[in-house]
Amino acid sequence: MEGARFIRAEARRPDLRFPFPKDFVKRLTGKTVTGLGRRAKYLLADLSSGEVLLMHLGMSGSFRVEKSGQQATPGEFYHPRGESGKHDHVVFEMSSGLTVIFNDPRRFGFMKLIAREGLENEPHLKALGPSRSAIASTRKRSRNPCAAKKTSLKAALSDQRVVAGLGNIYVCEALHRAHLSPKRRASTLSDKKGHPTDGARDLADAIRFVLNEAIKAGGSSLRDHRQTTGELGYFQHHFRVYDREGEPCPTPRCKGKVRRIAQVGRSTFYCPVCQR
DNA sequence: CCGCGGGCCTGAGAGC
DNA sequence: TGCTCTCAGGCCCGCG
């Protein structure tokens, strides 16, 4: 899409998670994509009109690319689920000769147009806490975003306002690597040095480590996720606790078994022995 | 203000 | 085979 112009845009449903603006199609048609970016789980396309197309994949959203006016030959482009059509909600026909199709069975995803000057005040983006790169910067690591949180670590890390970009899998995996219990009150983490297992800094390290490794591995393919090449992600093979209920804890010399509990309506996997 | 449970959707898989 | 039930990678909203 980068550098290409929208020849035609089509919103086939009145709404995904939110209704489209009435003039959604009109505001895209004829505009050029001047840049693509990402903030936490949000995708952004800068437009020549001065607007930004903000997109979110929700749980089940995906894009696929086809040559305009013809079916993709097998393996040529990413083709999620093998079957297309049924949940193709948005279609972008680009001047590059490629058509980009947004497919989302559960419709938890959304698209929104925002003026670029207003981007920093956009509620979704404004609410985001520090990102992986922000917590990587030593200078910015002085403030512990969990300090004021009375909830469990699991709930705190799942909250995009505390730390941006973690989903259920990576919360479980980061907490296991930091040897911290998902049930522990977030505010009890120490900010000081010399707390080998109690430190917010160690947790920040674990978060960055897990996300960096997962990105290197092309993400986690539980069922739908594919890399842009169509290849599966393979970080699921590096899971230490997620979806491993009953298996022995992979921490060296730990005799624990992975447990599964529900927290805030979602599954948590952890080792009750080495995560405290 | 905060945290929690319920809700939004469809589909896949388990169990019967 | 087919039904029902549960659960899923995310997030918002109303309630207490």
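Chain letters run A, B, ... following the sequence lines, proteins first, then strands; residues in each count from 1. All values below come from the heavy atoms of this structure, side chains included, with hydrogens, waters and symmetry mates left out.
Computed from coordinates, the F108(A) CZ to dT10(B) P distance equals 9 Å when rounded to whole Å. In this structure, L57(A) places its CG atom 19 Å from P of dC9(B), rounding to the nearest Å. Atom pair R223(A):CZ and dA14(B):P shows a separation of 10 Å (rounding to whole Å applied). Atom CG in D104(A) sits roughly 17 Å away from atom P in dC8(B) (whole-Å rounding). Computed from coordinates, the D224(A) CG to dT10(B) P distance equals 15 Å when rounded to whole Å. Spacing between atom CZ of R17(A) and atom P of dT10(B) amounts to 15 Å, rounded to whole angstrom units. One interatomic measurement links the two molecules: CZ of F110(A) to P of dC9(B), which rounds to 16 Å at whole-angstrom precision. Distance, M59(A) CE to dA12(B) P: 14 Å, rounded to whole Å.
Within 4.0 Å of G167(A), counting heavy atoms only, lie sugar-phosphate atoms of the nucleic acid but no base atom. At the heavy-atom level, S220(A) lies under 4.0 Å from base atoms of the strands shown. Using a 4.0 Å heavy-atom criterion, one finds that R260(A) contacts the sugar-phosphate atoms exclusively.
Annotation: dC11(C) and dC1(B) have their P atoms spaced 22 Å apart (nearest Å). Here the separation of dC3(C) from dC9(B), taken at their P atoms, is 24 Å to the nearest Å.
Residues H225(A) and F235(A) place their aromatic rings such that the two centres sit no closer than 6.0 Å.
The side-chain hydrogen bond (donor to acceptor under 3.5 Å, both in side chains) analysis of residues 231-241 of chain A, with sequence neighbours excluded, yields no pairs. Legend: salt bridge (Lys or Arg N to Asp or Glu O under 4.0 Å) pairs involving residues 247-261 of chain A, not counting sequence neighbours, sorted by first then second residue: R244(A)-E247(A).
In summary, contact between chain A and DNA chain C, defined as any nucleotide atom under 4.0 Å from a heavy atom of the protein, begins and ends at dC7(C) to dC12(C) in the 5' to 3' direction.
Relative orientation of the F6(A) and F92(A) rings is perpendicular, given thresholds of 30° and 60° on the angle between their planes. The aromatic rings of F269(A) and Y242(A) lie perpendicular to each other, with more than 60° between the two planes, well past the 30° mark.
Between D104(A) and R107(A) there is no salt bridge, since no side-chain N of the basic residue sits under 4.0 Å from a carboxylate O of the acidic one. Salt bridge status for K112(A) with E122(A): present, with a side-chain N to carboxylate O gap under 4.0 Å.
For R39(A), the salt bridge (charged side-chain N to carboxylate O under 4.0 Å, His left out) partners at least two apart in sequence or on another chain are E120(A). For F108(A), there are no ring-ring contact (aromatic ring centres under 6.0 Å, His included) partners at least two apart in sequence or on another chain.
Contact check, K86(A) against dT10(B): no side-chain N or O comes under 4.0 Å of OP1 or OP2.
Proximity of K149(A) to D159(A): side-chain heavy atoms (C-beta onward) are separated by under 4.5 Å at one or more points.
Minimum atom distance to the side chain of P105(A) is reached by dG11(B), of the listed dG5(B), dG11(B), dG3(B).
With hydrogens and angles left out, the side chain of R106(A) and the base of dC9(B) share a donor-acceptor pair within 3.5 Å.
Comparing R107(A) and T151(A) by the nucleotide of DNA chain B that holds the closest heavy atom to each, the one mapping nearer the 5' end is T151(A).
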(message) Expected output check: what is the dot-bracket annotation of DNA chain C, where ( ) and [ ] are pairs inside the strand (brackets for crossing ones), | is paired with another strand, and pairs are Watson-Crick or G-U under 3.5 Å?
(response) .|||||||.|||||||
